[in-house]
Amino acid sequence: MHIDPLEKKWAYAAVGIAGLFVGIILIDALFHGINAPSHVETIDSASLHLSEEFDEDNLGVQVDESGNITIRMVAGRYGFYPKHITVPADTSLTFRWVSMDVLHGVHMPMTNMSTMIVPGYVAQVTTTLPKPGEYPLLCNEYCGIGHDHMWSNVSVVAKEHWAAPGKAPSKGGKDND
Amino acid sequence: MNTNNETRKTRDALHDEFLKVWGNPRGWHALTIVNHTTVGIRFMVTGGIFFLIGGLLAMLMRTQLALPEQDIIEPKLYDQLFTMHGTVMMFLFAVPVLEGLAMYLIPKMIGARDLVFPRLSAFGYWCYLFGSLILMSSLVLGIAPAGGWFMYTPLTNNVYSPGPNVDFWLLGVTFIEISAVSAGIELTVSILRTRTSGMALLHMPLFCWYILVMALMIVFGFPPLILGSILLELERAVGMPFFDVARGGDPILWQHLFWLFGHPEVYIIFLPAAGIVSTLLPVFSRQPIVGYRWIVLAIISTGFISFGLWVHHMFTVGIPQLAQAFFSMASMLVAIPTGIQLFAWLATLWTGRPVYHVPMLWLVGFLFIFMIGGLTGVMLALVPFNWQVHDTHFVVAHLHYVMVGGMLFPLLAGLYYWLPHFSGRMPSDKLARWGFWLTFVGFNTTFLVMHLTGFLGMPRRVYTYQAGMGWELPNSVSSVGGFIMAMGIAMVLLDIVLHFRFGRPAGSNPWGADTLEWATDTPPQPYNFISLPDCPMRHPMWDQPDLQTTIAEGHHGLSEIDHGRRETWGSDPVSGAIREIIHLPGNSWLPFYSALALSVLCISLLTRTYSMALIAVVASLLLLLSWSWKNCVYLEADSAVKPGYPPLHSRTFNGPGLWGMVVTLLADGALFLAILFGWLYLRVVAPNWQAPDTAPLAWLPLLISGVLLTVATFWHHFIVRRLRAGRDDHLQGQLWGIAVIGLAHCCVFIWAWSASSLVATQTAHDAVIAVILMYQLFHSGLAVIMTALQAKRVAYGYVGKTAPYEIAVVKPWWIYTNAVFWLSFLAVIMLPIAWRSA
C-alpha cells in the first residue's frame, strides 16, 4: 500500500493534534478535576427518609420566601409520592425527583416534564405548564412487574385559583444553578 | 491461465475434479461442512425461524393491547414477551441473517471460492445456534429475561432480579456475539484480501463496500456490549459492584456501554440492507448506479458518525447540556450521508428504465417507509421534542419504521432477488404481490397510528392501559394492522415454500444482473467458480456476456486442482493484484465440537456449577489447540506449485492470518478501551468512588513482570526478523525460551496480584482493577501457549524459514499484550502516584 509522503506528514500532524487535545482533556479531568457538569447532586437512595430534603413530610409543593415553587417527589416501585399534587398554570415550577430503588422515568404527557430518575442522584427539571387541567404522571422507564400501574395525578389550575399550601418553610434543597 | 484447447479438460471433468475436493458430505457428516454457501444458508434459515418466533411474540403483545384493561396475558409473561421480542429481533434475527447473506454472497461477488477462514464461519454458526437455543429455552421454561432488551441496571442486578432470567440474557447474548464478531473479522479480511485478480477497491460491487463497513463496525461496536455484559454478570454472580452506587459504581455506566454498542448496531443492521438496495436498484433500472464514489463516501461517513450518536438514547438521563447539544447535532448530521444515498437511488430510478418486478416492489416500499422513519428520527434528535415523547409509543413507531422499513423490506427485496440463486427456481408473481401489499398496508396501519398513541402519552412496555385516556382506538387499529402484516408475512413464507416445488427453473442470471455472483451455477456449486476471472471493472456480467461459460470451461486463473487442496487467490487490499495462493481448510468436526464445549461452559455458568465450567474451559482449550495443530502447512505443496504462480500463503509473512489477527486485535482493543473508559468514567462521575491512598499494587514486582514481558516481546520480534533474513537456526530453542520468559512474567504478575490488598467485591475501584488484571493475564497466558505450541511445531517442519507464516501471526499478539501491560501500568500504578503527589 503506497501512501504519498505529503499525505503521510499531514496524517501525522492530524493524529498529533488529536492526541494533544485528548491529552489536555485527560489531564484537566484527572489532575485538575475539570469535568463537564453532570449529575452534580447526589443522594443516598437507601436512606431517603433520613435525608432532610426528601423526608416524608417535606414532599410535595412548597413556596419559598421569594415565591419560587419547588415540588419534591419520590419515585419508588410502583408509585410517585405524594400521589396527587396541585400546581398553578403559567408559573415556573421546579421539580426535584429522587428514586428509592431502580431507574424510573417520569413523564407528563403533552408537556416538557420528562426526566429519568437515577438512583443515587437528584433529577431536577424546571418547566412551565401552560394549560390547566388534570394530567397523569406516568413512569416511562420500565421498572419491573408493576410498571404499568406506576402513575399519579397532577391538577394544574389557573394561576389565580391556586393557593400555596400552608406549610413550614422547606428544608434542604440546594440550588445548583 | 491455460488457454490451450487440446490440453484443456472438459467442463464436466473439471467439475468432477473440483467436487472431489470441495464436495459437501451428506448425513451426519453434513455437520462438518465449512463451505460459505452452506453456512450462509444455515444462518439465513435459522435467522428466518427466529424472525417468525419474534413475530409471534409481537402478535401476542398486540392481542393483549388491542383493548383496554385486558388480562389475556399476565404482566410477568408480558415483560418476558417484550424483552424477548427485542432481543430475538436484534440478536437472533437481524444481525445473523444479514451476516448469513453476506457470507453467502461476498466470496461470489468478489470472485473467490470461499471465505478466508471457513472453519471460523462454521464455528460462528454453531455458537449462534447453540446460544440461541439456550436463550430460547428460557422462554419455554417460563424464566425468560424480563428486564427489557436494554437490561438497564439496577433493575437487572441480583437484588431486583433474582433468579436466572437476566443471566440467560447476559450469557446467551454474549455467546451469540462470538458469532457476530467472528463474522465481522472474517468478512473484513475476505473483502480486503481475497478479491479476484484486478478487482481494485473502486471496482468492488457496492454491496461489498457496505459489508466491509458493517464488518468493521461490528468489530468496534460489539466489544463494549460484550464488556458490559461480562461486568453485569460478574456483579450478579460474584458481587463485583460496577454499577452499584453505594459501593462506588454507577448504573449510568451500563447505559453508556450498552448504547455505545446499541446505536452503531442500528447502522450495522441498516448498512447491509442499504447495500441490497444499491445492488438491486441499478439492475431493475437497467442503469449503473448514479454517484458510486459519493455512495462509498456516504457509507464510510455513516460508519464513523454512528459511533458518535449513542447519547441520544439517553437525553432524559440528566446529561450536561453541552453533551446534549453535541449528540443532538451529530444525530442530525447522520441524516446527511443517508440523504446522499437516497438521492443517488432516486436519481438511478429517474435516469433508468425501471421494471417493476417483485423485488422492486419491496424496494419502493422501503423508500417510502424508511423516509418516514428517517424524518421522525430527525424529530427525535431535537432534545425538547425528545423529552415530550421519550419512551412513549412514538419511539416504538419510529424505531419500527426505521428497522422494518430500513431492514426487513430491503431484506425481502434481496430474498426475492437472490431466491433463484439459492434454489434455481423463480417465485410466483401473484402470491408475492399479495404478500407485499398485505405486509405494506398492515405495517403502516400498525405503526403510522402508533405515532399518535405516543403523542397521547402512552408509555412503552406497559401490559395494559385504562380506558378513557383516548388510547383505545389507536391501539385497536394497531392490533388489526399487526394481524394484516402477519398475514402478509405468511403469504411470503408460503410463496417461498411453494416455489421449491412449483417454481419455474430460473436459468442463469434471470434478472440480467451485473455482478459476479450470477456467473456461478444456480444453485451454486460449493467451489463457486472453476476458474477465477480477471475483473478490473464494476459490471463484469454486463461487459462480458460470455463470462459464465469461460469461467466454467476453465479459461481463467487457478483452474488446476492438482494437489487436492481448496485454493483461492490472495490479493492486494487496494489494487487487487494477485499476491499469493491461499490454501483453505476443508470440512471438520472441530468447529462443531468447540462450539459445543463453549455451550457447556455457558450452561454451567448459568446454573452456577463452577466445577463443570472448569471442565468445559479445559475442553474448549484442548479443542482449540488441536484446531491450531491440524490447521497445518501443506509441506508437499511446494513441488506442486507451477512456475509463474505466486507463492502459497503459508510461505509468506503477510498472509490473511496476519490480517485476521490484526482485525481481531482491533476488536480486542475496543474492549480494552471500553474497560479504561469505564474506569475513568467511574472515577470522574460515580458519587461514592473510593480509591485507596496508595497504588493498588506494589509497583516493583509489577515492573519486573513488565520487563520480562517486554524482553519476551523483543525476542519474538528479533526471531521474526531473523526469519525474514532466511535464518532459522536454533528456532525451536529460542521459541521455548520466549515461552519460559513469558511464563515467568505471568508468575511474577500473579504473585504481585495475590500480594495486593484488592478486594474485588468491596468497591467498584477494586473490581475494575481486578478486571484489568484478569484481562492482562488472559493475554499473557495465551501468548505463552501460542508460542509453546509453535516451538513444538518447529520439530514437524510446520514452522520455520520456509513456513514463517504462524510466527508472523503471533507477533502482533505479543506486541498488543505488551502495549496493554504498559498502558494498564500507567493507568493503575503511575496515575494514582501522580494524583497523590498532585
Side-chain angles (χ1 to χ4, degrees), chain A residues 1-3 26-27 29-47 77 97 99 101-125 127 135-151, chain B residues 75-76 78-79 82-83 146-148 150 152-157 159-161 245-246 250-252 255 314-323 384 386-392 455-465 469 572-575 680 683-688 831 834-835 838:
Chain A
M1 226 188 310
H2 174 72
I3 300 174
L26 281 178
I27 288 170
L30 296 176
F31 294 107
H32 304 151
I34 300 172
N35 308 308
S38 157
H39 273 322
V40 280
E41 228 180 319
T42 59
I43 194 159
D44 183 3
S45 282
S47 55
R77 304 205 303 173
W97 297 90
S99 160
D101 38 46
V102 301
L103 274 176
H104 295 287
V106 60
H107 179 213
M108 268 173 84
M110 323 297 281
T111 75
N112 263 356
M113 175 55 245
S114 173
T115 184
M116 196 182 276
I117 311 170
V118 184
Y121 297 98
V122 179
Q124 178 168 316
V125 177
T127 187
Y135 291 85
L137 267 181
L138 304 168
C139 176
N140 64 5
E141 206 59 59
Y142 173 67
C143 59
I145 203 162
H147 170 59
D148 332 78
H149 298 301
M150 180 156 171
W151 56 346
Chain B
K76 189 174 160 240
Y78 189 87
D79 294 346
F82 73 71
T83 303
F150 43 88
Y152 278 4
T153 167
L155 180 62
T156 47
N157 68 19
V159 178
Y160 294 105
S161 296
V245 181
D250 191 336
I252 305 297
Q255 296 187 20
M314 302 164 63
F315 276 156
T316 63
V317 170
I319 301 288
Q321 285 194 338
L322 187 67
N386 187 294
W387 286 343
Q388 298 214 359
V389 295
H390 173 78
D391 268 353
T392 66
F455 279 140
L456 293 173
M458 182 168 170
R460 300 168 74 175
R461 307 174 185 122
V462 291
Y463 91 103
T464 190
Y465 51 94
M469 302 285 296
D572 183 84
V574 177
S575 71
L680 282 176
R683 191 191 173 274
V684 173
V685 174
N688 297 320
L831 269 182
W835 279 326

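Note: hydrogens, waters and symmetry copies are ignored here, and every other heavy atom, side chains too, is used. Note that the coordinates shown come from a computational prediction; the quantities given were computed from them, not determined experimentally.
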Point to revise | chain A contact via B:Arg461 - side chain, backbone, both or neither, heavy atoms under 4.5 Å | key: both
Study note, to complete from the structure: Of the listed A:Val125, A:Ile43, A:Asn112, the one with the largest count of heavy-atom pairs under 4.5 Å with chain B is A:Asn112
Practice item. Counting only heavy atoms closer than 4.5 Å, note whether B:Phe455 contacts chain A via side chain, backbone, both or neither. Key: backbone
**Study point:** Close side-chain approach of A:Pro109 and A:Pro136, heavy atoms under 4.5 Å
**Key:** yes
Check your understanding: Using non-hydrogen atoms only, which part of B:Thr392 is less than 4.5 Å away from chain A: side chain, backbone, both, or neither?
Key -> side chain
Review point. Is a donor on one side and an acceptor on the other found under 3.5 Å between the side chain of A:Asp101 and the backbone of A:Arg77?
Key: yes
Practice item. Indicate yes or no for a side-chain donor-acceptor contact from A:Tyr142 to the backbone of B:Ala146 under 3.5 Å, with no hydrogens or angles considered. Key: yes
Exercise for review: Please flag which part of B:Met469 lies under 4.5 Å from any non-hydrogen atom of chain A: side chain, backbone, both or neither.
Suggested key: side chain
Point to revise | Donor-acceptor under 3.5 Å (A:Thr111 side chain, A:Met108 main chain) | key: yes
Review point. Where the side chain of B:Asp391 meets the backbone of B:Arg460, is there a donor-acceptor pair that is under 3.5 Å apart?
Key: no
Practice item. Answer with side chain, backbone, both or neither: which region of B:Phe150 has an atom nearer than 4.5 Å to a non-hydrogen atom of chain A? Key: side chain
**Study point:** Pairs of heavy atoms under 4.5 Å with chain A: top-ranked of B:Gly457, B:Pro384, B:Ser575
**Key:** B:Gly457
Check your understanding: Side chain, backbone, both or neither: which part of B:Leu680 has a heavy atom under 4.5 Å from chain A?
Key -> side chain
Check your understanding: Given a strict heavy-atom distance threshold of 4.5 Å, which part of B:Pro251 is in contact with chain A: side chain, backbone, both, or neither?
Key -> side chain
Check your understanding: Taking all non-hydrogen atoms of both residues, which atom of A:His147 and which atom of A:Cys139 are closest, and how far apart?
Key -> CE1-O, 3.0 Å
Review point. Looking only at side chains, do B:His390 and A:Ser114 share a donor and an acceptor under 3.5 Å apart?
Key: no
Point to revise | Side chain, backbone, both or neither of B:Val462 within contact of chain A (heavy atoms, under 4.5 Å) | key: both
**Study point:** Top of A:Gly105, A:Gly120, A:Gly144 for chain B proximity - count of heavy-atom pairs under 4.5 angstrom
**Key:** A:Gly144
